[in-house]
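Contents: one structure, followed by commentary.
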Protein chains: 2
Amino acid sequence: MSNAPAEARPYHHGDLSRALVDAARRLLESEGPSALSLRAVAREAGVSPAAPYHHFKDKGELLDAVAHEGWLMLDEALGRAKAAAPSIREAVAELGVAYVCFARDHPALYRVMYDCARDKESLPEAMQQDGDSAYCKVRDTLIEAGADPSASVDLELATVAAWCSAHGLAEMTSFKQFDPLKEACGGETAFLRAVFNHMGLVRAALGE
Amino acid sequence: MSNAPAEARPYHHGDLSRALVDAARRLLESEGPSALSLRAVAREAGVSPAAPYHHFKDKGELLDAVAHEGWLMLDEALGRAKAAAPSIREAVAELGVAYVCFARDHPALYRVMYDCARDKESLPEAMQQDGDSAYCKVRDTLIEAGADPSASVDLELATVAAWCSAHGLAEMTSFKQFDPLKEACGGETAFLRAVFNHMGLVRAALGE
DNA sequence: TCCGTATCTAGGCGCCGTAAAGATATCTTG
DNA sequence: CAAGATATCTTTACGGCGCCTAGATACGGA
């Protein structure tokens, strides 16, 4: 192994943990969450079934790593949506739409993200206070949209409400019962905006 | 077997499918969803590992039966909540609180319900049109609270919004990050009401 | 150069979902 | 009531799973 890719490359394989997470995400996209066995991930990465155990305590820890990347991706998606919002007034709804679209475009990853969170009864710690996390982006946007930052409980409640709404809608949109309703609204994003509007989220955030 | 329990009792065991579903729900409550293997269910019911295959096509079909009972229970819980609401104005929020409390009290069952629904990308068909399903209860309550029944798209959107909000909140309340916020609100149900209020659900439903 | 250590493989354990074949109890038909 | 048909359950078996232990291998520092 002479032609190393200039990266810090450990002993045998060359950053196997990285390769395992990538393999897991590949399998997740192509075969769905139910096909994501630790052995299949090792197979996909071209190593023996026991190799992952030198980098992850167990299957759950590998899934945690996959989920972590999902939260980072979601964070980026929300950041892009906020930047692209035409006005701060609409930014809250835009965040919601972007959130649901992320879940629609990466359904298996999204499922792993929340499955991991439920198992430990806690959202990833990076969500809460790091200032630039997805959750904080929502809260900051609410403030910029006019919410009172000194009413900390109200602000937190509004953030939770927004997050719950987006998550709930993200899980519902995949059900085919709502297809006719989407059509009646004139497309999926129009449907999403309409539902968010019916939740009164923006109005509530601005205290109207 | 002379002392039959007066019920219609099939060949050997006596309504094994019933016993299997009961055993599954027992295991679900005591050991959680991850421990719910088909073999464990058969063990709990006192039959061989292959016996369930004469009553259910595969594990998924058994879980479907369990989930179905869950939806019935949720339906009943919402019915009780609506009946107990002090005024029709508050009935919508009461339904939401009852929904979340159901999910909190039967977390494993609730998870199975939505896992089954996600797998077939469809909520149980009994949810949509049967007139007395959980979903219809929400819609009817919105009408009674003042929503315009002739604006069918708006009405449907409001129902979806309410359902999404409740589901989203149901999944979030289990995360321990929100414990301090619950305390600041003065208890869990106060927290639930506050979040629903911040969603502006009732206001939106009444078109204010 | 050589040893310690990090990394990976081989093999095995007990569990899982499920299929096939045989045993047994019940229903049906005469 | 007899006897064949049928539904129910058991036994056995296969491959895959998560995970563990022991051994082989390659790298890094002394």
Side-chain angles (χ1 to χ4, degrees), chain A residues 1-24 27-28 30-67 108 112 115-116 119-120, chain B residues 1-24 27-28 30-67 108 112 115-116 119-120:
Chain A
M1 316 243 178
S2 50
N3 50 351
E7 282 296 331
R9 144 188 294 222
Y11 306 81
H12 298 78
H13 178 280
D15 209 348
L16 180 57
S17 29
R18 176 75 260 144
L20 287 170
V21 173
D22 289 344
L27 280 175
L28 212 50
S30 61
E31 313 284 341
S34 62
L36 196 73
S37 71
L38 213 160
R39 292 173 108 106
V41 172
R43 226 177 291 134
E44 171 82 17
V47 295
S48 81
Y53 286 92
H54 294 267
H55 300 267
F56 302 97
K57 186 177 132 291
D58 55 15
K59 184 186 179 183
E61 211 167 74
L62 171 58
L63 290 186
D64 280 345
V66 173
V112 168
D115 281 352
C116 287
D119 281 348
K120 58 182 75 148
Chain B
M1 315 252 178
S2 50
N3 50 351
E7 282 298 330
R9 144 188 295 220
Y11 307 81
H12 298 77
H13 179 282
D15 209 349
L16 180 57
S17 29
R18 176 75 260 144
L20 287 169
V21 172
D22 288 345
L27 280 175
L28 213 49
S30 60
E31 313 285 339
S34 61
L36 196 72
S37 71
L38 215 162
R39 291 175 107 104
V41 172
R43 224 176 293 135
E44 171 82 16
V47 294
S48 80
Y53 285 91
H54 294 268
H55 300 267
F56 301 98
K57 185 176 132 293
D58 55 15
K59 184 185 179 184
E61 212 168 73
L62 170 58
L63 290 185
D64 279 347
V66 173
V112 168
D115 282 351
C116 286
D119 282 348
K120 57 182 76 151

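Throughout, protein chains are lettered first and strands after them, A, B, ... in sequence-line order, and every chain is numbered starting at 1.
In this structure, B/S48 and A/A40 both approach DNA chain D, and ranking their closest nucleotides by distance from the 5' end singles out B/S48.
Residues B/V41 and B/A23 approach most closely at O-CB, 3.9 Å, considering heavy atoms. The heavy-atom pair separating B/Y53 from B/D58 by the smallest distance is CE2-CA, 4.1 Å. Nearest heavy atoms, A/E61 versus A/K57: OE1-N, 2.7 Å.
Within residues 49-59 of chain A, the residues having any heavy atom under 4.0 Å from DNA chain D are, by residue number, A/A50, A/Y53, A/D58, A/K59. Taking every heavy atom of residues 30-39 of chain B and every atom of DNA chain D, pairs under 4.0 Å involve B/R39, by number.
In this structure, CG in A/D119 is found 9.0 Å from CG in A/L63, a value given to the nearest 0.5 Å. Separating the CG atom in B/L27 from the CZ atom in B/R43 is a distance of 8.5 Å, to the nearest 0.5 Å. In this structure, CG in A/L16 is found 10.5 Å from CG in A/D22, a value given to the nearest 0.5 Å. In this structure, CZ in A/R39 is found 9.5 Å from OG in A/S48, a value given to the nearest 0.5 Å. Rounding to the nearest 0.5 Å gives a distance of 11.5 Å between NZ of B/K120 and CG of B/D115.
Using a 4.5 Å heavy-atom threshold, the side chains of B/L36 and B/S34 count as separate.
An angle of 10°, rounded to 10°, separates the two end axes of the helix from C/dT1-D/dA30 to C/dG30-D/dC1, each defined over five pairs.
When rounded to the nearest whole Å, the span between CG of B/D15 and C1' of D/dT8 equals 13 Å. In this entry the distance linking CZ of A/R18 with C1' of C/dT7 reads 19 Å, nearest Å.
Proximity of a side-chain donor or acceptor of A/D64 to a complementary backbone N or O of A/A67 within less than 3.5 Å is not detected.
Taking only side-chain nitrogens and oxygens, A/R43 comes nearer than 4.0 Å to OP1 or OP2 of D/dC17.
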